[in-house]
Amino acid sequence: MAETEHRPTNFVRQIIEKDLQNGVHQTITTRFPPEPNGYLHIGHAKSICLNFGLASDYQGQCNLRFDDTNPEKENIDFVNAIKNDVQWLGFQWSGDVHYSSDYFEKLYDYAMELVEKGLAYVDFSGQDAVREMRGTLTQPGTNSPYRDTSVEENREHFIAMREGKYQEGECSLRAKIDMASPFMCMRDPVLYRIKFAHHHQTADKWCIYPMYDFTHCISDALENITHSLCTLEFQDNRRLYDWVIENISAPATPRQYEFSRLNLEYTVLSKRKLIQLVDENFVSGWDDPRMPTIAGLKRRGYTPASIREFCLRIGVTKMDNLVEMGMLEACIRDDLNANAPRAMAVLDPVKIVIENYPQEQTETLKAPNHPNDESMGYRELPFGREVWIEADDFREEANKKFKRLVLGKEVRLRNAYVIKAERVEKDDAGNITCIFCTYDANTLGKDPEDGRKVKGVIHWVDCSHGIKADINLYDRLFSVPNPASAENFVDTINPDSLITVTGVVEPSLTNASVGDAFQFERTGYFCLDANSTPERLVFNRTVELRDTWKDR
RNA sequence: UGGGGUAUAGCCAAGUUGGUAAGGCAGCGGGUUUUGAUCCCGCGAUUCGUUGGUUCGAGUCCAGCUACCCCAGCCA
């Protein structure tokens, strides 16, 4: 698709342009630093597009760095899934993949530097005591009794920590900053904690792991990151980021800038909540088409280009936001409208019999794959005496606004003939089982010769050639715009977020491959699901067509 | 008077030496159309959270007020 040509300006670009202009940097380096404790979602896509987009626009570099300082929550499967998703989105990181764990040895040395400068100490107060001494938002904290331990003792204790001489929770390394700071994160933050945990990169080499605030800024400096972009909740942490860089012999001075994270209506974008949806089986997995994950969106039928376009359209600011789903949907519709071949599928079939069509006759019609793009070619469409139409497209009686098939009235079968409904057959319950029609044989590819106007057009599938298919009709996962603000977000799950119907699709669709997208004319955009087999086709509805018809 | 942030149309968002409110999504009219789709044309802020002030002139500068978000993990 044609992505927005000129990227909209934003405050980060302005900072970069100023830095480049003033010679603060000759070139920029950014990074995308996910923790491998879950799958990437549309909110990460915003960050990915920002970081990789900036690097590309200013001829800089963008690293992929796994922020893997908490082995208990992370694993290699997430690492691989994340790499896969970044590439699927269309981005390639500079050089090799980086890991914060690559720097564990250096990080340890920098921590030791702080110890030797008297700026860090090993605290043996229990976790509860540490919390007690931290104070509150309005009251200053109090100094730990271990705050004035000698440098020599601290060095020995820190070495012993690394050697596994202490139990988990027995002690931690803390920075000596200011227990009365208005920034809670500056009240002697923990730098290292003890975890006898297996790490997916460093195995059992370490039993002490550095905290995010100590690790991130140093990793940025080691990779020569010029602009370290993160979300708003880290604004306070910037003080600690700068403190660490200033107090160690850092090889560079990276700067952190914060932007607002994405919030999308009718879904949740917090990793904790997404993990819960998966673990408690509210969805089929990380790639469930209702999930806002990259994998879920992909399976739903969203294209990389549509997601990139979305990220361009929402912009980058510091404002809290809740973006309408319609914004995302508009992006995929724009892409698919231009690029998805058309096909016909009937989701809720009712049979019509064309009584004046020769018994035993069938013919092969030709239909364009795209109404406005000749280059997409044509396909063959078998047509016969009996065809399926959408139950919705027929009414025994209706007003003039109903532009479909009505008893005694005419309608055009798309890409085929004009038919007229003559009578209906019903079962004992009064349900319509068959609609008997007649057709005008002289209306193939042209209007009726006597000049009568037929305004309605409906889609159809030939009964003897149509293929049965399972069609997953997806809707929003939650029934409220902001499930995250609900008491318990799982209580707001939309019970009808997935309805599977058995429909009939035109035979050309048997050639589709997994992931292929189509517009089922008049109903929406669909793609062939990963679980589809030649014996049983499965389609996922990506999004409905825009529908401005009011009186339904 | 803890601190850090943000306030421009239903949603997202431009606006940067103060000069008289971009654009996108949604919506509403109209035209084209063998998809109630697409496409095309037209329509929305006397007003920028609010109250004052400075100024010939303020969304942009100053002061006060209000609302909302974030911070008290040995999570990130």
Side-chain angles (χ1 to χ4, degrees), chain A residues 4 8-11 14 33-35 37 67 69-70 72-73 123 126-127 130-131 134-141 168-174 180-187 189-195 208-209 211-213 215-216 230-239 258 260 262 265 271-272 312-331 333-334 337-338 342 344 367-368 370-372 401-404 411-416 418 443 445-447 454-459 519-524 544-552:
Chain A
T4 303
T9 182
N10 61 50
F11 77 98
Q14 289 167 2
E35 180 187 14
N37 66 343
D67 215 340
T69 56
N70 189 352
E72 289 168 340
K73 292 185 174 178
D123 194 329
Q127 217 167 133
V130 169
R131 189 183 317 115
R134 187 149 31 227
T136 69
L137 296 179
T138 52
Q139 292 171 294
E168 284 189 18
E170 191 175 345
C171 60
S172 64
L173 182 74
R174 292 227 265 165
S181 172
F183 294 97
M184 296 303 290
C185 67
M186 296 297 267
R187 318 243 264 224
V190 169
L191 266 20
Y192 269 87
R193 76 289 216 186
I194 298 169
K195 277 180 193 286
I208 56 171
Y209 290 93
M211 298 290 286
Y212 163 86
D213 286 304
T215 307
H216 207 92
C230 63
T231 43
L232 253 28
E233 63 270 28
F234 292 101
Q235 287 177 120
D236 285 359
N237 300 249
R238 186 175 67 242
R239 277 73 188 183
E258 312 86 12
S260 57
L262 170 68
E265 281 191 346
K271 229 179 241 181
R272 195 214 111 226
L312 243 30
R313 291 187 190 182
I314 57 173
V316 176
T317 69
K318 295 168 100 77
M319 289 187 241
D320 288 328
N321 59 77
L322 182 58
V323 177
E324 292 176 346
M325 222 11 129
M327 187 85 88
L328 219 208
E329 293 174 342
C331 294
R333 284 198 189 102
D334 281 358
N337 174 53
R342 314 283 119 130
M344 291 199 286
H370 192 113
N372 314 317
K401 286 180 178 171
F402 187 75
K403 297 168 44 178
R404 312 178 192 185
V411 78
R412 171 174 293 280
L413 291 180
R414 167 127 256 231
N415 297 124
V418 168
T443 53
K446 58 187 176 185
D447 289 331
V454 178
K455 67 267 186 219
V457 178
I458 62 174
H459 56 98
Q519 183 195 101
F520 288 171
E521 290 190 292
R522 299 210 315 129
T523 98
E544 291 179 275
L545 249 34
R546 183 160 166 268
D547 184 2
T548 53
W549 185 43
K550 254 46 113 281
D551 311 301
R552 32 186 353 174

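Each chain gets a letter, A, B and so on, in the order the sequences are listed, and its residues count up from 1. All values below come from the heavy atoms of this structure, side chains included, with hydrogens, waters and symmetry mates left out.
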(request) Take the protein atom CD of Glu265(A) and the nucleotide atom P of A26(B), then report the distance between them rounded to whole Å. (result)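 Answer to the nearest Å: 13 Å.
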Sugar-phosphate only, base, or nothing, as touched by [X] at under 4.0 Å among non-hydrogen atoms:
X         : answer
Val411(A) : nothing
Ser181(A) : nothing
Leu173(A) : nothing

If we only count heavy atoms from C-beta on, is the [X] to [Y] side-chain gap below 4.5 Å?
X         : Y         : result
Thr317(A) : Asn10(A)  : no
Val323(A) : Leu328(A) : no
Arg412(A) : Val418(A) : yes
Val457(A) : Glu521(A) : no
Asn70(A)  : Lys195(A) : yes
Met184(A) : Asp236(A) : no

(request) Give a yes or no answer on whether the side chain of Thr231(A) reaches the backbone of Glu233(A) with a donor-acceptor pair at less than 3.5 Å. (result)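 Here the side-chain-to-backbone pair does not exist.
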(request) Could you tell me whether Arg238(A) and Glu258(A) make a salt bridge, using a distance below 4.0 angstrom between a side-chain N and a carboxylate O? (result)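 Looking at Arg238(A) and Glu258(A), the cut-off is met.
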(message) Across nucleotides 71-76 of chain B, 5' to 3', mark each nucleotide with B, S or - according to how protein heavy atoms within less than 4.0 Å reach it.
(response) BBSBSB
(message) Please encode protein proximity along nucleotides 33-42 of chain B as a string of B, S and -, counting only heavy-atom distances under 4.0 Å.
(response) -BBBSB----
(request) Have a look at G73(B) and give me syn or anti from its glycosidic angle (syn if within 90° of zero). (result)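 G73(B): syn.
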(request) Please give the nucleotide sitting opposite A7(B) as a Watson-Crick or G-U wobble pair, both distances under 3.5 Å, or none. (result)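 Pairing partner, where one exists within any strand: U66(B).
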(request) Could you let me know what U17(B) is paired to, Watson-Crick or G-U wobble, both distances under 3.5 Å, or none if it's on its own? (result)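 Paired with no nucleotide.
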(message) Distance criterion of 3.5 Å, no angle test: do you see the side chain of Glu324(A) paired donor-to-acceptor with the base of G10(B)?
(response)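 Per atom types, the contact qualifies.
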(message) Taking only the P atom of each, what is the distance from A13(B) to G31(B) in whole angstrom?
(response)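 These two P atoms come out 36 Å apart once rounded.
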(request) Using heavy atoms to find the nearest nucleotide of RNA chain B for Met327(A) and Thr9(A) separately, return the residue whose nucleotide is more 5′. (result)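 Taking each residue's closest nucleotide, the earlier one in sequence belongs to Thr9(A).
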